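What you are looking at is a predicted structure, and each value in this text was computed from that prediction instead of being measured. Excluded from the calculations below are hydrogen atoms, water molecules and symmetry mates; all remaining heavy atoms, backbone and side chain alike, are included. In each ligand, atom 1 is the first atom listed, and ligand 1 is the first ligand listed.
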Amino acid sequence: MNEIFLMKLGEIVLKGSNKRQFENKLRQNVRRRMKAFGNFDVYIMQSTVYVQPMDEEADVEGAWDACKSIFGVVSLCRCRPCEKNLDAIYNAIEEYLGDDLDCAKSFKVESKRSDKAFPMTSIAISQEIGGRLAEAHPHVAVDVHHPDYTVYVEVRDLAAYVHGPAEPGAGGLPTGVGGRAMCLLSGGIDSPVAAWMMAKRGMEIECVHFFSYPYTSQLAKDKVIELARLVTRYSGRMTLNVVSFTQIQEAIRDNCPEEFFTLIMRRFMMEISMRIGKQHGCGALITGENLGQVASQTLEAMAVTGAVVDIPVFMPLVGFDKEDIVTIARKIGTLETSILPYEDCCTVFTPKHPKTKPTLGQVINAERKLDREALIQEALANVEKITVKFHDEPAI
Ligand code: ATP
Ligand code: MG
């Protein structure tokens, strides 16, 4: 094969004695991700992941695109491997990068030699190859300070590799090294971004969605399935647990004071999510909550909703401005789907004057007519589990 991807590891390099474990996870993740694109060999050496297409059928463009959304990688480049001698390196550059070089106004060569047995220093390699290229491309100036284009030469253990400028990777830590969490996924803008942020910190993500048919439509559910699918582009495959919430919402409507509707509903959501999560090895919940955004997101309201769970609740967006969240949603590709106008169950039975400064005592009192445990058990008995993968057909 005459093309290979090199992906440089990010923070993993700093992880000392855990480095091996992090690397193994990343290799596993890349292997699994590459399966959709044909036969690829994936290995890690010298803090670099090598992704090598093994036959002509491999979908190199698809694989390259997918590699850009794998967490744990700071930068990645497509390279031409060649033998470790100057002629081979020079020829590889001419063949692989010659056209790019011709389009530039100026260039330089930057070399790295991690194979210390190679008989020339990095500077000597750059000078020699740069000299040959300058002679062959006289219209492209040499500029070692502010070049328009940089040719990279890496002399590594197995071979030499030549490439142009690297692209930024997805950053973060490899999915799975940070444990597993259950994300409460609504149809809104915030929760898919929250899931993405925690996946970026190495968490394996599972999602739960509360669905109030017929108050919310099949389209609203499909929208959430689609949002989950868009998140799996980064997080890898996930299970989406769809909980039927109608009975609980009707029980709240019929038995509780209106000003507490949303708070009581959110307490059910948190508790049910935690229980499903615990069944699946999740050690935390993730929500898209954001301080002050809506009535149920005051400090007092969050204290009351958080009181029903005994595992950490991560709210990675809590201090963000909406604009910043929208920017991330656009970047990761969830915004367009999030803003489709299908209703969420939160907007069903919304109180006209929600309580913004509740105390736990008031809320427990407001819940007293409900058989919470029976309602929760009923909901847990009817969870629909949907496996979601990025390469599935879009749900909408
Ligand atoms: P989002 O944009 O994520 O919907 P929001 O600003 O609309 O957030 P709320 O509706 O108060 O805020 O919801 C706060 C959080 O509660 C959401 O970010 C999500 O994590 C969770 N949540 C809300 N509705 C649902 C639902 N129907 N199913 C699952 N989780 C939900
Ligand atoms: Mg919402």
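Of the N or O atoms in Thr287, none lie within a sub-3.5 Å distance of an N or O in ligand 1. When only interatomic distances are considered, the shortest N/O to N/O separation between Gly288 and ligand 1 falls below 3.5 Å. Checked against a 3.5 angstrom limit, the closest N/O atoms of Lys322 and ligand 1 fall outside it. In terms of N/O distances under 3.5 Å, ligand 1 is not approached by Pro192. Checked by distance only, ligand 1 and Phe210 come closer than 3.5 Å through their nitrogen or oxygen atoms.
Each of Arg32, Arg27, Gln28, Met34 was compared with Val30 under the side-chain contact (heavy atoms from CB on, under 4.5 Å) criterion, and only Met34 meets it.
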Step by step, would you call Ile272 with Leu380 a side-chain contact (heavy atoms from CB on, under 4.5 Å)? CA-CA 7 Å; Ile272 293 168; Leu380 288 175; 4.0 Å; yes
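When heavy-atom distances to ligand 1 are checked against a 4.0 Å cut-off, Asn290 has no atom that comes that close, whether in backbone or side chain. Neither the backbone nor the side chain of Val224 has any atom closer than 4.0 Å to an atom of ligand 1 (non-hydrogen atoms only).
In summary, the atoms of ligand 1 found under 4.0 Å from a heavy atom of Val208, numbered by their order in the structure, are 29 (C).
Phe118 does not carry Arg113 over the face of its six-membered ring by the limits of under 6.0 Å from the centre and within 45° of the normal. A cation-pi contact, defined as under 6.0 Å to the ring centre and within 45° of the axis, is absent between Arg253 and Phe261.
A donor-acceptor pair shorter than 3.5 Å can be found between the side chains of Ser111 and Ser126.
Aromatic pair Phe107/Tyr149: ring centres not closer than 6.0 Å.
A salt bridge between Asp87 and Arg132 is present, with a side-chain N of the basic residue lying under 4.0 Å from a carboxylate O of the acidic one.
The nearest non-hydrogen atom to atom 2 (O) of ligand 1, considering only Asp190, Val313, Leu184, Thr262, comes from Asp190.
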